[in-house]
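One structure is given below, encoded as structure tokens.
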Amino acid sequence: MINTTVSLNRGTYKQPNIFGYYGNYGGAYIPEMLHRNVEELKARYLEIMYEPAFQQEFQDLLRDYVGRPTPLFYAKRLSEQYKTRIYLKREDLNHTGAHKINNAIGQVLLAQRLGKKRIIAETGAGQHGVATATVCALMGLECIVYMGIKDIERQAPNVARMKMLGATVVPAESGSQTLKDATNEAIRDWINNPENTHYIIGSVVGPHPYPDMVARFQSVISEETRKQLKEHTGSELPDYVMACVGGGSNAAGAFYHFLDELSVKLVAVEAAGHGVNSGMSAATTQLGKPGVLHGSKSLVMQTADGQVVEPHSISAGLDYPGIGPLHAHLFESGRGIFLSATDDEALEAAFELSKLEGIIPALETSHALAALKQMTFKPTDTVVICLSGRGDKDLATYMKSI
Ligand SMILES: *Cc1c(COP(=O)(O)O)cnc(C)c1O
């Protein structure tokens, strides 16, 4: 098969084409009822995002409210363990504890400029829900967060946080009662309230322009990394950038300004659950086939007749049967290296980082750390790992595992 869409993108992995395609993946597959909202977003997002007053407000909040730039930390003992040079991009130090707030702030500012007064969101681990509830509190906006019942149980501290911040948390009771189902409920809400509501998607998934918009808001991660690496090593370019992938937003942000630097190897780590072939996994690139999920064409874990397969991961933020279209393209084109780590490997990596560096990572992030064992580095290599979030929310799971 001749792949014509890839050639439209030649020279840049960063941007989808005008229809929102990265290679064969992306687009906007939406019900008629959402057409106006998505079209409006598509027509205006770039103009709004790059307006000087918007950028000023966004940058000021990233600095004074989120605490950016986040440090790039040379992890000496971890580096000794893996006989290379490892830097940690400390997104865990952001206000609310993960990278999600970068996107939540961006999208709330955008929603305000679109005249929307009501914000809805879906959440898995609760980090996106907390980030969205936080920014809505800051801006005085109504906030409704959809969350699978199973995630409400395993992420209790984040549910409490959202409630304290004034958000309404609505349990999603269908299917696997996790992120996929919460997303379905949020889409249903948006269809019913298209006029006054903005739907803040928390990852680089959903219909065009969401994947591109979220990647741009998260690209601050790699923008800072380049400057910080230059100070640390004299070069802006590392040999490797590694990140975990649920939908793929922290990876997209960590990769963004390196996507077209072909000397930089991009390593994406998915959740293998009990093992890729165990039937209890969320390793979408290994198990998925092209399909449409939540508004875009991407790789989706599905049965032969196209039913979405229930994923499994110990980490709520990675427990998703799809992946953003950018990542599907990075996988298919070979630009990205896709690995996976099991629940147990992630747990082990969390304890290793805690003991070696005094940093307790989020369970999601632990998957990226676990992949270090699958790599062979040179002692002179520079490896950047996106430390997407902190582990406070996962302490109960960590304690149960020992
Ligand atoms: C949500 C989350 C993830 C997974 O989402 P991506 O969009 O793939 O980044 C990873 N790490 C943390 C800490 C999260 O909260």
Side-chain angles (χ1 to χ4, degrees), residues 70 88-104 107 121-132 134 145 147-148 151 154-155 157-158 161-162 178-180 182-183 200-206 210-211 213-215 217-219 221-222 241-256 267-271 282-285 294 298 311 313-328 330 336 338 340-341 346 349-350 353 359-370 385-394 397:
T70 60
L88 303 175
K89 182 60 174 158
R90 300 288 310 274
E91 294 301 298
D92 61 316
L93 295 179
N94 284 331
H95 181 42
T96 70
H99 65 291
K100 298 279 189 348
I101 190 123
N102 304 324
N103 170 53
Q107 284 203 50
E122 85 296 330
T123 200
Q127 289 302 115
H128 174 54
V130 167
T132 304
T134 297
V145 180
M147 188 168 188
D151 293 337
R154 59 181 167 173
Q155 303 289 330
N158 274 345
R161 260 176 221 128
M162 286 184 267
T178 59
L179 184 53
K180 163 176 74 68
T183 307
I200 303 196
I201 297 182
S203 191
V204 284
V205 299
Y210 278 99
M213 180 168 70
V214 177
F217 284 136
Q218 293 293 1
S219 71
I221 300 172
S222 47
V241 182
M242 300 176 67
C244 66
V245 177
S249 69
N250 87 90
F255 294 170
Y256 197 85
V267 182
V269 187
E270 296 180 296
T284 303
T285 60
H294 299 143
S298 190
S313 169
I314 192 172
S315 135
L318 305 185
D319 200 348
Y320 186 68
I323 189 170
L326 163 66
H327 294 292
L330 295 179
F338 282 73
S340 64
L353 186 75
I359 298 170
I360 300 174
L363 253 173
E364 291 79 12
T365 317
S366 304
H367 288 72
L369 296 160
I385 302 177
C386 184
L387 214 78
S388 57
R390 67 177 88 125
D392 310 30
K393 68 184 175 56
D394 299 311
T397 310

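Note: hydrogens, waters and symmetry copies are ignored here, and every other heavy atom, side chains too, is used. Whatever order the structure lists them in is the order used to number ligands and atoms, beginning at 1.
- For ligand 1, the atoms closer than 4.0 angstrom to any heavy atom of Gly389 are 13 (C).
- The closest donor-acceptor contact from the side chain of Lys393 to the backbone of Gln155 lies at 3.5 Å or more, if one exists at all.
- For the ligand labelled ligand 1, residue Gln218 lies outside the 4.0 Å heavy-atom shell.
- Close approach of ligand 1 to Ala362 is summarised as follows: ligand atoms under 4.0 Å from at least one heavy atom of the residue are 13 (C).
- Look at Gly248 and you'll find a heavy atom under 4.0 Å from some atom of ligand 1.
- Looking only at heavy atoms of the protein, atom 12 (C) of ligand 1 is closest to Ser388 OG, 3.5 Å.
- Contact between Thr134 and Val130 at its shortest, heavy atoms only, is OG1-O, 2.6 Å.
- Close approach of ligand 1 to Val245 (heavy-atom distance below 4.0 Å) involves ligand atoms 8 (O).
- Residue contact check: Ser203 has heavy atoms under 4.0 Å from atoms 6 (P), 7 (O) of ligand 1.
- Residue-ligand proximity, Gln127 to ligand 1, at heavy-atom distances under 4.0 Å covers atoms 15 (O).
- Taking atom 6 (P) of ligand 1 as the reference point, the nearest protein heavy-atom neighbour is Ser249 N, 3.2 Å.
- Residue contacts with ligand 1 for His128 are absent, since no atom lies close enough (heavy atoms, distance under 4.0 Å).
- At distances below 3.5 Å, not a single donor-acceptor pair connects side-chain atoms of Asn94 with backbone N or O atoms of Asn102.
- The pair Asp319-Arg154 counts as a salt bridge, with a side-chain nitrogen and a carboxylate oxygen less than 4.0 angstrom apart.
- Nearest protein heavy-atom neighbour of atom 4 (C) of ligand 1: Gly317 O, 3.5 Å.
- In terms of modelled atom types and a separation under 3.5 Å, the side chain of Arg390 and the main chain of Asp92 share a donor-acceptor contact.
- The distance from ligand 1 to the heavy atoms of Gly246 drops below 4.0 Å at these ligand atoms: 8 (O).
- For Cys386 against Asn250, the heavy-atom pair with the smallest separation is SG-OD1, 3.4 Å.
- For atom 10 (C) of ligand 1, the nearest protein heavy atom (residue, atom name, distance) is Glu364 CB, 3.4 Å.
- When each atom of ligand 1 is checked for a heavy atom of Lys100 under 4.0 Å away, the hits are 1 (C), 2 (C), 3 (C), 5 (O), 14 (C), 15 (O).
- Checked by atom type, the side-chain pair Ser249/His99 shows a donor-acceptor distance below 3.5 Å.
- The shortest N or O to N or O distance between Lys393 and ligand 1 is not under 3.5 Å.
- Some N or O of His99 is nearer than 3.5 Å to an N or O of ligand 1, by distance alone.
- The line from CG of Leu387 to CG of Leu93 is 8.0 Å long, rounded to the nearest 0.5 Å.
- Put simply, the side chain of Glu364 never gets that close to the backbone of Gly246: no donor and acceptor are under 3.5 Å apart.
- Here the straight-line distance linking atom CG of Leu353 with atom CG of Leu369 works out to 5.5 Å at 0.5 Å rounding.
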